[in-house]
Each structure stands twice: as structure tokens, then as C-alpha cells.
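One structure is given below, encoded as C-alpha cells.
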Amino acid sequence: HDCNGIDVVLLGDAYMQKHMDNGTYDKDMRQAMECFFSAEPFRSYRRLFNVYYVNVISETSEYGAALKTALKCKYGEGTSISGDDELCMAYAAKAVSEEKLDETTVIVVMNSDKFGGSSYMYSPAGGDHGSGMSISYIPKVKDYDKFEGLLVHEAGGHGFAKLADEYFSGSNGPVTEDVRRRVQEREDAGWYRNCDFTNDPESVKWAHFLKDKRYSKENLGIYEGALSFGQDVYRPSYTSIMRSNLGSFNAPSREAIWYRMHRLAYGDTWQYDFEDFAAYDITKNL
């Protein structure tokens, strides 16, 4: 093996002992794994990953004010969800060693039909490949396609690749200084490769795609609106899974995922070459 396995750890919340015994937990964890690998480039590079799940037993399978599930997940405002991140890390550490936790993607499947989803991305651990551990909280919801889209957006897009949301609300005006600063602090670490504060086609982060005729049919451009703000922040495609939980990743996002996978698998000596990426990407995705 000349490559290190990339670690993904699945945990379940609001699953009781009976769900372990009757196979529900196993089935749901496997389903979550299949969802993670449903999108490119994860699908083509599945062999680079180690996926684990840890049994987490809750006393209740209900969510509510007075009820405590094992990982203490709670629905917040809008679609936001929180949980006990420290506890999730402790469970994840049963599957991966302490020193590998920094690069681990943790996915918490909530045994709930209520829609929501949040990812917590922890500080970069070094490098320019979107490093840092992440914890994504994703309810099972009733509809498999919805669950798949949610999981790919939250755990694949945010958690693994540290991508930005590409959605926005017209009522949210220009991007705030605070958000701008937060994004800029992380850019050198390779986070947020799918949003930018410039609309200059020569210097925008995905300028190399805009110049490449092979990518013309993807309709990439510089579209205003991202990070939930309607002005002064730009995204590479009109729509994508980072905008709507539907469809696929756009080219700059696929590149970010591909980059991080290769850096984690082959280490710091690995050198990025755009033509290597394009050789994979153009045959598979265009």
C-alpha cells in the first residue's frame, strides 16, 4: 500500500438497543456510506477511504425538549442542528487513532424524519488541502434521495472538502465583513475554493476553468450570491449540490475534493497537476 486510507467515521443518534439487535443500525450506517460515495469524485476514488461505524446506543429514539439522545443532537433555528461535538470525537476515537482525528470526517446520522442538517468544520491542521476534522449532523429524513443530497452537501461538500454554501437569499444584502474575514483566514488552507469576493475573470479562484475550452459545456462563470449573501460574493455555477442539495458538484468543487483526497492518501510529497485532475474529470463528469 503506498497510500494512507482516508478516514470517515459514522455514528448514529437516537438509535436504541433494539435498533442494534434488529439490524436497523447496521442498515442505516451502510446506507449513509453509500450516499457519501454516490457523488463524484468520491465514487471514483472510494478505494482510498476507510469507513468505520461505531455503535452508539441512545435511551430514546425521540427528539424533544426534555429528551436526551446519546449524542445530544438538537434542532435549532431554521435547518440548523447541533450536537455534543466532544462526545462525537470521543466515539470517533474508538475507530481512528488520536493523531488521525484531525483529518477525519465524522458523520452523525440522526434517527429522525424532521429535515435539517449542519456541519462543524474544525481549524485547519496544516497544508493547503482543506485540512481539519469535521462533524456533520444529518437526519435520516423519510426520502432516500433527500437524505443522499443532504449527506453529500453537508458531509462531502462542507465536512470533507470545506466548501462554501452557494445558496443565498435576496433579502440578505452584501456579505458582511465578519464573514469575509472568516473566509479569508481559511483560504490559504484550501478552504472555500468554490466562492470568491472578486468577479474578475483573471483572478477569481476558478479562472483556470473559465479559460479552458474543455469546460465550456459546464457553463461555469462568476455568479453573484453565495454563503447565504446576495451581493459582493460569487460562486462558479448557476446551480450545484452546494446551492440546492440536488445535482452534482461543480468543477471547482470537484477539484477541491480531488485535491484533498490525493493529499491525504499520498502525503505531502504528492504534487498537484491540473492535467492529472482534468484527465479524470473530463472523462467522468463532462
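For reference, positions follow the sequence shown, starting with 1.
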For Lys74, does the NZ atom have more than 12 heavy-atom neighbours from other residues, nucleotides or ligands under 6.0 Å away?
no
Evaluation steps, side chain to side chain contact (heavy atoms under 4.5 Å, CB included), between Tyr52 and Leu10:
CA-CA 6 Å; Tyr52 307 91; Leu10 298 159; over 6 Å; no
Ignoring hydrogens and angles, tell me if any N or O in the side chain of Arg235 forms a donor-acceptor pair with the backbone of Cys195 under 3.5 Å.
no
Can you tell me if His262 and Asp276 form a side-chain donor-acceptor pair at under 3.5 Å?
no
Please verify the inter-ring angle class for Phe277 with Tyr272; under 30° counts as parallel, over 60° as perpendicular, anything in between as tilted.
tilted
If you count heavy atoms of other groups shown closer than 6.0 angstrom to CG of Asp188, is the number above 12?
no
I want to check something: taking the side chain as every heavy atom from C-beta on, are Asn4 and Leu264 in contact at a cut-off of under 4.5 Å?
no
Within 6.0 Å of OH in Tyr238, more than 12 heavy atoms from elsewhere
no
Among side-chain atoms of Glu40 and Tyr45, is any donor-acceptor pair under 3.5 angstrom?
no
Whether the Asn172 and Ser169 side chains hold a donor-acceptor pair (N or O, under 3.5 Å, no angle test) is what I'd like checked.
no
Among Arg43, Arg46, Lys27, which one satisfies salt bridge (charged side-chain N to carboxylate O under 4.0 Å, His left out) with Glu34?
Arg46
Any side-chain donor-acceptor pair under 3.5 Å between Ser61 and Asn111?
no
Check the pair Leu227 / Phe197 against side chain to side chain contact (heavy atoms under 4.5 Å, CB included), numbers first and verdict last.
CA-CA 11 Å; Leu227 292 167; Phe197 300 114; 4.3 Å; yes
Keeping the roles fixed (side chain from Ser134, backbone from Met121), state whether a donor-acceptor pair exists under 3.5 Å.
no
State which residue, out of Ser240, Ser244, Ser228, fulfils the side-chain hydrogen bond (donor to acceptor under 3.5 Å, both in side chains) condition with Glu166.
Ser240
Does the side chain of Ser58 pick up a donor-acceptor pair with the side chain of Thr60 at under 3.5 Å?
no
What class does the angle between the rings of Phe49 and Phe160 fall in, given that below 30° is parallel, 30 to 60° is tilted and above 60° is perpendicular?
tilted
The ring pair (Phe, Tyr, Trp, His ring centres under 6.0 Å) partners of Tyr137 (sequence neighbours excluded) come to Tyr120
Under 3.5 Å, is there a donor-acceptor pair linking the side chains of His19 and Asp28?
no
State, without any angle test, whether Tyr215 and Asp281 hold a side-chain donor-acceptor pair at a distance under 3.5 Å.
yes
Answer yes if the side chains of Asn55 and Tyr15 hold a donor-acceptor pair under 3.5 Å, and no otherwise.
no
Taking the cut-offs as 6.0 angstrom to the six-membered ring centre and 45 degrees off its axis, would you call Lys114 and Tyr75 a cation-pi pair?
yes
Taking atom CD as the centre, does Glu77 end up with more than 12 heavy-atom neighbours from other residues, nucleotides or ligands that are less than 6.0 angstrom away?
no
Under the 3.5 angstrom rule, does the side chain of Asp165 hit a backbone N or O of Tyr167 as a donor-acceptor pair?
no
Using only heavy-atom distances, determine whether the side chains of Thr24 and Asn22 contain a donor-acceptor pair under 3.5 Å.
yes
For the aromatic rings, using the six-membered ring if either is Trp, is the centroid distance between Tyr25 and Tyr53 under 6.0 Å?
yes
Does atom CD of Glu59 have more than 12 heavy-atom neighbours from other groups under 6.0 Å away?
no
